[in-house]
Amino acid sequence: MDNRSIGVFDSGLGGLTAVKEIMRRFPNENIVYFGDTSRVPYGTRSKETILKYTHSDIRFLLSCDVKMIVIACGTASSAALPEIKTEFDVPIYGVVDSGAYEAARVTKNNRIGIIGTPATIKSGAYNKYIAGYNPDAETFEKACPLFVPLVENGHFNTPVTKLVIDEYLADIKKAGVDTLIMGCTHYPLLKEAIAEYMGDDVTLVSPGEEVAKFLEKKLNSENSHSEEKDKDQYRYYVSDCIESFEELGGIFLETKINGKVNRIDIEKY
Ligand code: DGL
C-alpha cells in the first residue's frame, strides 16, 4: 500500500486523457496533475528544449511527494523519457510503449496509422515499439501540429477541426489502416471528429488510456495501490491561466474542477 499521489504531467490539457482513465480504474488513487500551459506546445520544439521542460516538470511533481510519475505526453515520452528515465528515484512511465503495444495487438490487417506531434513523429519511437511487438506491421505516419492549438482552444469538433483533420488524415485513410494511434495525448479530445472521418472500421488507440491499463499491472505487482483518498484527492497545477484549463478540463473530465487548479512558476523548478 502506498497512499502517495500519482504524478501526471503534459504540456496542457492532453494528459487529462490519462487522468480520466486513472480515475475510472482506481477510485482510491490520489493524483497530482501538472499542465505546462505557459510552454505548450512541446511538439514543435527541439529535443534539447523538450528535455529541459521534462526535467523541470518532473522536479515540480517530485516536490509534491509522488510515488510515481506518468509522462502523459507523447512528445516528452518519445523525445525525453529514454534519456531521463534513470535520473530520478521514482519510477517514470511514458505513454508510447503502452500505445504501441495496444495498436500492435488490435490490428488485423497489420496496417497501423500513427499521428503525433512533429517531435514524436521525428523520434520514430512508436515505430520502434510496434516493430518489437509486431514485426509484420506496416506503419503510416503523419505529424499534425495544428491539432494541439485546436484542442487548447476548445475546437473539439468544429468546422475548422474537420477541415484540418481532412488535411492531415487523407493519406492515412487512403492507406487502408485498420488502427490509428492518436500518438499525442491531446488528440483523443478530437476523438469524435477523428472517428467520424476515419469510419467505423478503424480502431482508435489512446495511449493515455493505455498507460492506465499498464499502471494497473504495476500497482498490483508492486502492491502500491492507495487505500486512502486525500481530502484533495485530485490536485491540478498549471503554469499559466487557470480559467481556460478549468473550463476545458472540466468539460473533458465531465466534472467541475473550478477552484481545484493552482498556478505555479515552473521556471523555479
Ligand atoms: N500532449 C502532448 C503530446 O502527447 C504535447 C503536445 C504539445 O505540446 O505539442 O505530445
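Read the numbers this way: they start at 1 and go in the same order the structure lists the ligands and their atoms. These numbers come from a predicted model, not from an experiment.
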(Q) Tell me whether the count of non-hydrogen atoms from other residues, nucleotides or ligands lying under 6.0 Å of NZ in K162 goes above 12. (A) yes
(Q) Tell me if the CD atom of E167 is crowded by more than 12 foreign heavy atoms within 6.0 Å. (A) no
Protein residue, atom and distance nearest to [atom], heavy-atom basis:
atom                    : answer
atom 5 (C) of ligand 1  : S11 OG, 3.3 Å
atom 7 (C) of ligand 1  : Y42 N, 3.2 Å
atom 10 (O) of ligand 1 : T75 OG1, 2.6 Å
atom 2 (C) of ligand 1  : D10 OD1, 3.1 Å
atom 1 (N) of ligand 1  : H186 ND1, 2.7 Å

Q) Under a 4.5 Å cut-off applied to non-hydrogen side-chain atoms, are T203 and D178 in contact? A) no
Close N or O approach ([X], ligand 1; < 3.5 Å):
X   : result
T44 : no
G74 : yes
G43 : yes

(Q) Checking contacts here: is it the side chain or the backbone of T117 that comes within 4.0 Å of ligand 1, counting heavy atoms only? Could be both or neither. (A) side chain
Do the side chains of [X] and [Y] get close enough for a salt bridge, i.e. N-O under 4.0 angstrom?
X    : Y    : result
D57  : R39  : yes
K142 : D171 : no
E216 : K213 : no

Q) Between the main-chain N or O of R45 and the side-chain N or O of T49, is there a donor-acceptor pair closer than 3.5 Å? A) no
Q.
Can you name the atoms of ligand 1, numbered from 1 with element, that are less than 4.0 Å from a heavy atom of C184?
A.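 Matching atoms, with element in brackets: 1 (N), 2 (C), 3 (C), 4 (O), 6 (C), 10 (O).
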**Q.** Per-atom contacts, ligand 1 versus V40 - under 4.0 Å to a heavy atom
**A.** 8 (O)
Q. Looking at F252, does the NZ or CZ of K20 lie under 6.0 angstrom from its six-membered ring centre and within 45 degrees of the ring axis?
A.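 Checked: cation-pi criterion met.
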